[in-house]
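Some notes on the structure that comes next.
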Amino acid sequence: MSDCLFCKIVSNEIPSKKVYEDDRILAFYDINPAAPVHILVIPKEHIESLAALQDEHLGLIGYLHGKIRDIARDLKLADGYRVVNNCGKEGGQEVGHLHFHLLGGRKMLWPPG
Ligand code: AMP
Ligand code: ZN
């Protein structure tokens with residue numbers, strides 16, 4: 001998707017501070033952190049949102065969550081962390097490329113707003 005912000009981050013057209021990358025996924029620091037650790041983990045394939053996910057993507061999404069676990073472990077978030085997906089307008093999604101927020105380094109509040 002030529003006009004997608006996160007596709008441009010995948011292609012290095014827009015710079016990012018990368019945490020992890022392989023042929024399927026990319027993890028990079030959020031530009032406007034909401035916690036001491038705030039990382040976005042995305043599939044490299046352009047998938048609009050969780051609602052747009054196809055059954056063929058389920059393996060990829062499981063793989064991505066395994067990497068979130070690994071990143072959290074590497075960053076020593078032993079006391080816990082939060083993984084968030086904002087889906088669609090009412091879910092608060094601003095960037096139309098599926099992404100999971102990994103938030104840590106402080107006590108999270110519940111319920112979210
Ligand atoms: P969401 O509201 O779930 O769509 O989250 C989008 C996230 O992308 C927000 O937390 C933004 O701070 C973050 N973001 C926007 N532009 C960039 C960028 N160029 N690099 C890193 N993170 C970004
Ligand atoms: Zn995209």
Side-chain angles (χ1 to χ4, degrees):
M1 292 286 155
S2 56
D3 60 346
C4 170
L5 175 67
F6 287 175
C7 282
K8 286 180 179 163
I9 286 180
V10 168
S11 67
N12 291 311
E13 222 176 302
I14 292 175
S16 68
K17 195 175 164 205
K18 291 177 189 173
V19 181
Y20 175 83
E21 179 171 25
D22 62 28
D23 58 330
R24 302 170 85 184
I25 69 164
L26 173 66
F28 55 98
Y29 282 97
D30 195 293
I31 206 167
N32 185 21
V37 175
H38 188 171
I39 291 165
L40 300 173
V41 188
I42 70 172
K44 287 192 167 178
E45 178 181 345
H46 181 87
I47 300 166
E48 191 82 14
S49 71
L50 200 58
L53 201 67
Q54 305 291 308
D55 283 352
E56 70 199 42
H57 295 128
L58 294 178
L60 170 64
I61 298 311
Y63 174 79
L64 184 151
H65 278 77
K67 290 298 175 189
I68 291 177
R69 173 205 58 197
D70 293 347
I71 292 165
R73 193 167 51 204
D74 290 349
L75 294 177
K76 315 230 179 303
L77 298 176
D79 288 337
Y81 50 87
R82 181 170 289 168
V83 179
V84 173
N85 172 256
N86 297 325
C87 180
K89 201 167 66 166
E90 291 218 342
Q93 183 175 5
E94 288 177 359
V95 177
H97 180 130
L98 179 63
H99 54 281
F100 296 87
H101 299 254
L102 167 59
L103 299 148
R106 67 168 169 83
K107 179 95 171 76
M108 298 297 156
L109 304 174
W110 193 262

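In what follows, every heavy atom counts, from backbone to side chain, and hydrogens, waters and symmetry copies are set aside.
No continuous path of ILVMFWY side-chain contacts below 4.5 Å connects Ile9 to Val19, so the two sit in separate hydrophobic clusters. Hydrophobic clustering, with ILVMFWY side chains joined whenever heavy atoms are under 4.5 angstrom apart, groups Leu98 together with Ile25. Ile39 and Val10 end up in different hydrophobic clusters when Ile, Leu, Val, Met, Phe, Trp and Tyr side chains are linked at under 4.5 Å. Residue Leu103 is not grouped with residue Leu77 when hydrophobic side chains (ILVMFWY) are merged at heavy-atom distances under 4.5 angstrom, including chains of intermediate members. Both Val41 and Leu58 belong to a common hydrophobic cluster when Ile, Leu, Val, Met, Phe, Trp and Tyr are linked at side-chain heavy-atom distances under 4.5 angstrom.
Contact of the Val95 side chain with the Leu40 side chain is not registered, since no non-hydrogen atoms from C-beta on lie closer than 4.5 Å. When side chains are defined from C-beta on, Asp22 counts as touching Tyr63, because their heavy atoms get closer than 4.5 Å.
Heavy-atom contacts from other residues, nucleotides or ligands closer than 6.0 Å to CG of Asp79 number 12 or fewer. Under a cut-off of 6.0 angstrom, the local environment of CD in Glu90 is sparse, with at most 12 non-hydrogen atoms contributed by other residues, nucleotides or ligands.
Closest approach of Leu60 and Pro43 over heavy atoms only: CD2-CB, 3.8 Å. Nearest heavy-atom pair across Pro36 and Gly105 is CG-O, 3.4 Å.
Counting only residues at least two apart or on different chains, the ring pair (Phe, Tyr, Trp, His ring centres under 6.0 Å) pairs with a member in residues 84-113 are Phe6-His99, His38-His101, His46-His97, His65-Phe100, His99-His101.
Under the side chain to side chain contact (heavy atoms under 4.5 Å, CB included) test applied with Tyr20, the options Leu26, Asp74, Ile71 reduce to a single match, Ile71.
Taking CZ of Arg69 as the reference point, atom CG of Leu102 lies at 13.0 Å (rounded to 0.5 Å). Taken from NZ in Lys67 to CZ in Arg73, the straight-line distance is 9.5 Å, to the nearest 0.5 Å. From Asn85, atom CG reaches atom OG of Ser49 across 7.5 Å, with rounding to the nearest 0.5 Å. The CZ atom of Phe28 sits 13.0 Å away from the NZ atom of Lys17 when rounded to the nearest 0.5 Å. Distance CD1/Ile42 to OG/Ser16: 8.0 Å, rounded to 0.5 Å. Atom CD in Gln54 sits 9.5 Å away from atom CD in Glu45 (nearest 0.5 Å).
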